[in-house]
Amino acid sequence: MFTIITGAQFGDEGKGKLVDMLAQEYDIVVRFQGGDNAGHTVVAEGKTYKLHNVPSGVLFDARLLIGPGTVMNPKILLEEIEMLAENGVDVTPQKLGIDAKTSIIMPYHMALDTLREGKRTVKIGTTSRGIGFAYMDKVGRDEVQMADIADSGRFKKRMYEIVPQKKSAIKEMNGDPAIVTSGLDDYLEIGKRLKPYITDVSREVNLALNAGKKVLAEGAQGSHLDVIHGTQKFVTSSSTVAGSACAGLGVGPTKVDNVMGIIKAYITRVGEGPLPTELKNKDGEHLREKGMEFGTTTGRPRRCGWFDLPLAKKSINLNGYTTFALTKLDVLTGLSPLRICTGYELNGKTLDYPPELSDELAGCKPVYKEVPGWGEDITGTTGFGDMPGNAQKYVLLLEEMMGVTIEYVSVGPGRKQTFKK
Ligand code: GDP
Ligand code: IMO
Ligand code: MG
């Protein structure tokens with residue numbers, strides 16, 4: 001069985017929490033795109049794990065894989081492996097496999113990311129992790145791969161070709177070209193340590209599926225941050241929608257069984273770009289404070305707004321969701337009335353689907369449906385029927401409007417705070 005999980009909004013929907021919860025039922029959990037711009041939080045047995053590269057199934061017995069469609073900062077990966085070891089979780093090569101073709105994020109990618117963002121008149125608000133520049137090098141065929149840092153001969157040959165080009169790119173942006181060659185030996189050292197982890201992810205995943213095993217593909221970021229279908233230019237540099245799992249892992253689309261969308265009961269966004277339902281008032285403050293909406297990777301406050309149905313409809317199309325997990329319902333407790341954006345007004349017209357261009361989306365004024373909220377604490381709820389009537393009605397209304405089953409409801413960060421609807 002092959003299940004793909006993606007974020008249905010702008011990231012941070014709670015993918016880490018759901019993947020951790022589902023991982024015990026899967027043989028393999030695999031990341032297919034993105035890099036350490038992702039920050040996935042797993043809360044288990046009183047401990048909080050913030051994961052950037054390592055798949056969120058790490059606390060269970062599943063085999064973990066990092067696919068060739070990702071970009072990876074090996075220093076950050078090693079820090080994560082060390083953090084997990086300190087917490088008694090041993091990430092051995094038997095546990096984790098990294099594809100030989102995974103693109104390596106080099107110091108010059110991070111330098112170029114920061115320099116470029118500094119020069120943009122309209123900022124994107126990148127995480128400055130070098131993601132965009134690492135993907136540019138993949139597409140431009142100038143990448144450094146995992147296999148290259150694990151072999152000094154390959155690495156030296158690769159750097160011989162790349163160094164002059166990167167030095168001039170950094171000089172052109174008034175940066176210090178010394179960054180291109182500084183610390184290269186560290187990469188070889190890290191490459192030596194990571195060599196035993198190298199594998200062929202497409203082969204492993206296909207062998208597992210053919211043997212009737214269960215594979216869970218864990219997306220990073222969210223559907224509207226997709227580099228092709230998102231709110232350009234305010235997007236990340238990879239394809240974040242479900243189809244990207246097939247391309248990124250080297251698995252045919254005929255193998256996919258389920259596609260689960262993780263969606264918050266409201267909406268958030270980090271960085272710049274349109275967010276039609278953004279709240280810059282006390283309701284927005286409520287969502288940020290109660291939902292602890294601060295970036296896992298950068299610590300930036302997340303922008304918060306009411307649930308946006310047109311954007312949800314678009315992500316349903318982009319991903320072909322078979323099911324949803326609705327997260328952070330508890331954060332809405334104490335707000336009444338609640339508002340659900342059912343459409344937009346743009347240039348005198350009413351729309352029920354997002355316009356294709358970002359600047360048009362930025363001009364959209366939300367049309368709201370108001371529904372009554374609830375005041376009771378729901379963080380200890382263990383079943384749908386135990387929730388206050390208005391909380392049940394809110395979930396059922398979202399489900400009806402989206403036309404896709406909400407299979408799970410999450411009412412807190414902990415493992416036990418999730419139930420099947
Ligand atoms: P991801 O990037 O999609 O994995 O999400 P993040 O981990 O970056 O952000 C989600 C945050 O919300 C984390 O701090 C989670 O622990 C937390 N969280 C997840 N589900 C819930 C929930 O149902 N209620 C509350 N209050 N917090 C949740
Ligand atoms: P997870 O996996 C939320 C946002 C950044 C910025 C834009 C581009 O935790 O959901 P980048 O560094 O990728 O070039 O930044 O994308 N962004 C995220 N926002 N969650 C994420 O990941 C994100 N990864 C990138 O804030 O606006
Ligand atoms: Mg996150």
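The basis for the numbers below is simple: all heavy atoms, side chains too, and nothing from hydrogens, waters or symmetry mates. Atoms within each ligand, like the ligands themselves, are counted from 1 in listed order.
Under a 4.0 angstrom heavy-atom cut-off, Glu13 registers as lying outside contact with ligand 2. Using a 4.0 angstrom heavy-atom cutoff, Gln9 does not count as in contact with ligand 1. Using a 4.0 Å heavy-atom cutoff, Lys15 is listed among the residues neighbouring ligand 2. Under a 4.0 Å heavy-atom criterion, Gly222 is not in contact with ligand 2. Note on ligand 2: Phe10 sits in its first shell, one or more heavy atoms being nearer than 4.0 Å. Heavy atoms of Gly132 stay at 4.0 angstrom or farther from ligand 2.
Note on Gly39: counted as a metal contact of the Mg ion (ligand 3), an N/O/S atom lying under 2.8 Å.
Ligand 2 places these atoms under 4.0 Å from at least one heavy atom of Val235: 7 (C), 8 (C). Using a 4.0 Å cut-off to heavy atoms of Val331, the atoms of ligand 1 that qualify are 26 (N). Residue-ligand proximity, Ser410 to ligand 1, at heavy-atom distances under 4.0 Å covers atoms 20 (N), 21 (C), 22 (C), 23 (O). Every atom of ligand 1 with a heavy atom of Val411 under 4.0 Å away is listed here by number and element: 23 (O), 24 (N). Interface of Lys17 with ligand 1, defined as ligand atoms under 4.0 Å from a residue heavy atom, comprises 19 (C), 20 (N). Close approach of ligand 1 to His40 is summarised as follows: ligand atoms under 4.0 Å from at least one heavy atom of the residue are 1 (P), 2 (O), 4 (O), 7 (O).
At a heavy-atom distance under 4.0 Å, only side-chain atoms of Asp330, from C-beta outward, approach ligand 1. In Arg129, neither the side chain nor the backbone holds a heavy atom less than 4.0 Å from any atom of ligand 2. Neither the backbone nor the side chain of Arg269 has any atom closer than 4.0 Å to an atom of ligand 2 (non-hydrogen atoms only). Contacts of Arg302 with ligand 1, taken as heavy-atom pairs under 4.0 Å, involve the side chain alone. With a 4.0 Å cut-off on non-hydrogen atoms, Leu225 touches ligand 2 through its side chain and not its backbone.
Checked against Glu278 for a salt bridge (charged side-chain N to carboxylate O under 4.0 Å, His left out), the options Arg302, Arg288, Arg303 give a single hit: Arg303.
For a threshold of 3.5 Å applied to N or O pairs, the pair formed by Glu13 and ligand 1 contains at least one separation below that value. The N/O atoms of Gly14, backbone and side chain alike, include one that comes under 3.5 Å of an N/O atom in ligand 1.
Considering only non-hydrogen protein atoms, atom 10 (C) of ligand 1 sits nearest to Asp12 O, 3.7 Å. Shortest contact from atom 7 (O) of ligand 1 to any protein heavy atom: Thr41 OG1, 2.7 Å. Atom 27 (N) of ligand 1 has as its closest protein heavy atom Lys328 CE, 3.4 Å.
When the heavy atoms of Val270, Thr6, Asn37, Thr298 are ranked by distance to atom 27 (O) of ligand 2, first place goes to Val270. Comparing Gly412, Gly16, Ala38 against atom 22 (C) of ligand 1, the shortest heavy-atom distance belongs to Gly412. Ranked by closest heavy atom to atom 6 (P) of ligand 1, the top entry among Gly34, Gly295, Gly39 is Gly39.
You'll find the side chain of Leu318 stays beyond 4.5 Å of the side chain of Thr6, heavy atoms only. Between Gln221 and Ser238, some side-chain heavy-atom pair lies under the 4.5 Å cut-off.
Thr381 places no side-chain N or O within 3.5 Å of a backbone atom of Gly383 that could act as its donor or acceptor partner.
Within Asp12, the N/O/S atom positioned nearest the Mg ion (ligand 3) carries the name OD1.
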